[in-house]
Amino acid sequence: MSENPKRLITAIDTADPAQARRLIDAVAPSCGMVKFGLEYFMAQGPAGLRAAQGLEIFLDLKLHDIPNTVAGAVRSLLPLNVAMLTVHASGGAAMVAAAREAAEASSATRPRILAVTVLTSLDDAALAQTGVAGGASAQVLRLAKLALDAGADGLICSAHELQRLRETFGAGPLLVVPGIRPAGAALADQARVMTPQEAVRLGADYIVVGRPITEAANPGLAAAEIAAVIR
Ligand code: C5P
């Protein structure tokens with residue numbers, strides 16, 4: 001894993017572009033990237049990404065549709081020059097491959113395709129209700145292999161999966177990890193969390209942090225403190 005002082009990604013989970021700008025101004029010195037998700041993109045659309053003010057963008061829309069439609073969505077995103085985007089591995093190998101192929105058509109640096117395996121909101125019982133027996137842990141590995149074999153550049157994963165994913169797939173895949181809490185921070189609704197330094201030690205290329213930064217009295221300082229401990 002290369003030395004990268006900007007492993008921190010701040011999740012800009014708001015629908016308000018002025019709020020997004022304020023946050024991004026504050027965290028810009030400490031972040032390698034900012035993450036926009038469905039909440040922001042549904043409200044502000046492509047033009048809203050200007051709020052990133054030149055910072056690299058991780059667009060977390062978790063695409064999941066037939067391969068032709070996902071490929072079209074990725075092509076439509078190419079002019080936005082996002083650095084990373086997400087698709088659901090459960091859309092199948094052909095869908096992931098279609099996303100990768102569409103990304104290859106980029107005239108600039110192509111967006112990296114990250115696959116989401118099993119949503120951490122699903123426990124084994126909830127997963128069984130969807131027809132997946134055998135538990136979340138086995139399904140994460142199965143979908144990770146499917147996605148990487150189909151051309152995904154990396155995975156979104158929980159910090160608790162990091163070690164096993166690195167052991168299984170080596171140093172190649174980008175591993176991007178949400179559910180991170182600085183030591184002593186409030187957990188909010190994240191049940192299984194890890195500190196930034198622990199996640200990086202276990203092989204995270206990037207950590208995604210939302211509320212511990214965005215709800216801090218001083219978001220710029222909160223981001224700087226996290227960046228400092230993963231340097
Ligand atoms: O506020 P918090 O640090 O929990 O935000 C983490 C970000 O990562 C949010 O944008 C959330 O949607 C996202 N995320 C997550 N857990 C996952 C996948 C994504 O917290 N398993």
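Whatever order the structure lists them in is the order used to number ligands and atoms, beginning at 1.
From the protein, the heavy atom lying nearest to atom 20 (O) of ligand 1 is Q190 NE2, 2.6 Å. The protein atom (non-hydrogen) at minimum distance from atom 13 (C) of ligand 1 is K35 NZ, 3.9 Å. Scanning all protein heavy atoms for the shortest distance to atom 8 (O) of ligand 1 gives P178 CB, 3.4 Å.
Residues M95 and T69 are not in side-chain contact: their nearest non-hydrogen atoms beyond the backbone lie 4.5 Å or more apart. The shortest side-chain heavy-atom distance between V200 and R7 falls under the 4.5 Å cut-off. Side-chain contact between L162 and L175 is present, with at least one heavy-atom pair separated by less than 4.5 Å.
Which parts of ligand 1 touch D13 is read off a 4.0 Å heavy-atom cut-off, strictly below it: atoms 9 (C), 10 (O). Atoms of ligand 1 lying under 4.0 Å from at least one heavy atom of A11, given by number and element, are 7 (C), 10 (O). Taking every non-hydrogen atom of T120 and a distance limit under 4.0 Å, the qualifying atoms of ligand 1 come out as 16 (N), 17 (C), 21 (N). The ligand atoms of ligand 1 that sit less than 4.0 angstrom from a heavy atom of G210 are 1 (O), 2 (P), 3 (O), 5 (O). Using a 4.0 Å cut-off to heavy atoms of R181, the atoms of ligand 1 that qualify are 1 (O), 2 (P), 3 (O), 4 (O).
The main-chain N or O of E161 is never found under 3.5 Å from a side-chain atom of R166 such that the two would form a donor-acceptor pair. Without hydrogens or angle criteria, D60 side chain to F36 main chain gives no donor-acceptor distance under 3.5 Å. Using a distance-only test at 3.5 Å, with no hydrogens or angles considered, no donor-acceptor pair links the side chain of R142 to the main chain of S137. At distances below 3.5 Å, at least one donor-acceptor pair connects side-chain atoms of Q53 with backbone N or O atoms of A51.
Considering backbone and side-chain N/O atoms, R211 comes within less than 3.5 Å of an N/O atom of ligand 1.
At a threshold of 4.0 Å, the pair R110-D153 counts as salt-bridged, since one of the basic side-chain nitrogens sits closer than that to a carboxylate oxygen.
Within the 4.0 Å heavy-atom cutoff, P212 counts among the residues contacting ligand 1. At a 4.0 Å cut-off, not a single heavy atom of E215 sits close enough to ligand 1 to count as contact.
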